[in-house]
2 protein chains.
Amino acid sequence: MSPRHSAAEAMQTRDAILDRSVAIASAEGLEGLTIGRLAAELGMSKSGVIGHFGSKEALQLAVLDRAGEVFRTEVWEPVRATPPGLPRLRALCEEWISYLERGVFPGGCFFVAAAHEFDGRPGAVRDAVEARFDAWRGRLVKEAGRAAEAGDLPDGTEPEQLAFELMGVVMAANHAVQLHRDPQAPARARRAVRAKLGA
Amino acid sequence: MSPRHSAAEAMQTRDAILDRSVAIASAEGLEGLTIGRLAAELGMSKSGVIGHFGSKEALQLAVLDRAGEVFRTEVWEPVRATPPGLPRLRALCEEWISYLERGVFPGGCFFVAAAHEFDGRPGAVRDAVEARFDAWRGRLVKEAGRAAEAGDLPDGTEPEQLAFELMGVVMAANHAVQLHRDPQAPARARRAVRAKLGA
DNA sequence: ATAGCAATCGAACGTTCGGACGCTAAGGTG
DNA sequence: CACCTTAGCGTCCGAACGTTCGATTGCTAT
């Protein structure tokens, strides 16, 4: 084979490793992601793979970053142009459900899976997962707060409580799709969102 | 050491293996459960451990059964005496949330964790997890149906949709407790349930 | 032209995994 | 008492794990 030696080509290699890693980790978890398997599937040596990251934990963190970019592109970007408050909150939920429906990650929501995998083990990966959820929940709470301020939500609606319940709806949909392969799950989730945010 | 050879004592050993297995698997997953670790923690040999089950997969299925017994004892039994329909559905949700709050399993809901761990890998364990969720959801739908028949729920309430949303509420609570260690999560879940089932 | 850097390889490391084997010793049964 | 079953032990195996190391190769700046 022809090894790559320029910095530009090395970045291509790194990208290829991360793409494959996201695919594997989405289906089998961040621990199911093994360096040997990555090397075999990419036609490289194990040391060639790990050389880009230094350790498996650093690879996992990089994979989390890459998955975060995908999530941002697929869920957040399409919604940025929507006016803040209730309209954006509705659009956010729709894109979020659609992201599950389209199977952006073959194993369902990457972060929900990572959360369950790492919530019991202290470490950098767990902290990174928690930080991402905090950021996401913050976004939901912010938009819900704007919607409430604008009077677009029923009186007494607490943004924190609403965000909590929306998380639940999407997690239920994720679960139904992944475990039960229930094709009705996205429709149920949309209906639940509509009950909370109106049509 | 003094090996045990009577059938009764062997059952005690089997019980001890399962108890420890549930504790380990709850915190680290059914795959994180390893025969060598079990043997070390129980002061036995690996062959002494696996001899009771035959294979790791059979052990995992037995652990799932044991966890199911715990769930039944902690969540279902306290509620059996409550009248069917809305009262029982309410009691069910309360016990369900309380089971998360009390930390019956140190890693949160055993089955939610197992579902996320195995939803991507075909096999007997995955099937068993799915069957348990089907049974549980069936119970929720049945009680919701009775409540609707009795006129105790708003007109147009679909039992399937209600069960879906209740699953979401509890999964959100589980997630908030396990990943964020959020002490308010049970209260939020109760509030969400109250919004759906009344006080 | 040459020195240096970085990407990648191949091989080896120590560990851990699930599992298989043969053995011992005790209980239950005739 | 004799026999059979079996709980449990100790040992071993092949595979896979993450990681480390030196060698090789090609690009790039001097």
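Chain letters run A, B, ... following the sequence lines, proteins first and then strands; every chain starts at 1. In this text, all values refer to a predicted model and were calculated from it rather than measured experimentally.
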Checklist line | Nearest non-hydrogen partners of A/Leu64 and A/Val125, listed with the distance | finding: CD2-O, 4.1 Å
Checklist line | Nucleotide-resolved protein contact map, nucleotides 16-22 of chain C, B/S/- at heavy-atom distance under 4.0 Å | finding: -SBBBB-
Checklist line | Euclidean distance, atom CG of residue B/Leu38 to atom P of D/dG8 [Å, nearest integer] | finding: 14 Å
Checklist line | Distance flag, aromatic centroids of A/Phe71 and A/Tyr99, threshold under 6.0 Å | finding: yes
Next item on the list: Under the salt bridge (Lys or Arg N to Asp or Glu O under 4.0 Å) rule, what do B/Glu143 and B/Arg146 come out as? Steps first, then yes or no, please.
Entry: CA-CA 5 Å; B/Glu143 296 302 336; B/Arg146 285 168 170 168; 2.9 Å; yes
Note to self: Whether B/His52 contacts D/dG8 is assessed here as follows: a side-chain N or O lying under 4.0 Å from the phosphate OP1 or OP2. Is that the case?
What the structure shows: yes
Notebook entry, point to check: Start at the 5' end of DNA chain D and walk down; is the nucleotide closest to A/Gly32 or to B/Gly48 reached first?
Noted result: B/Gly48
Margin query: Tell me whether the rings of A/Phe105 and A/Phe111 are parallel (<30°), tilted (30 to 60°) or perpendicular (>60°).
Written below: perpendicular
Next item on the list: Just say parallel, tilted or perpendicular for the rings of A/Trp136 and A/Trp96, cut-offs at 30° and 60°.
Entry: perpendicular
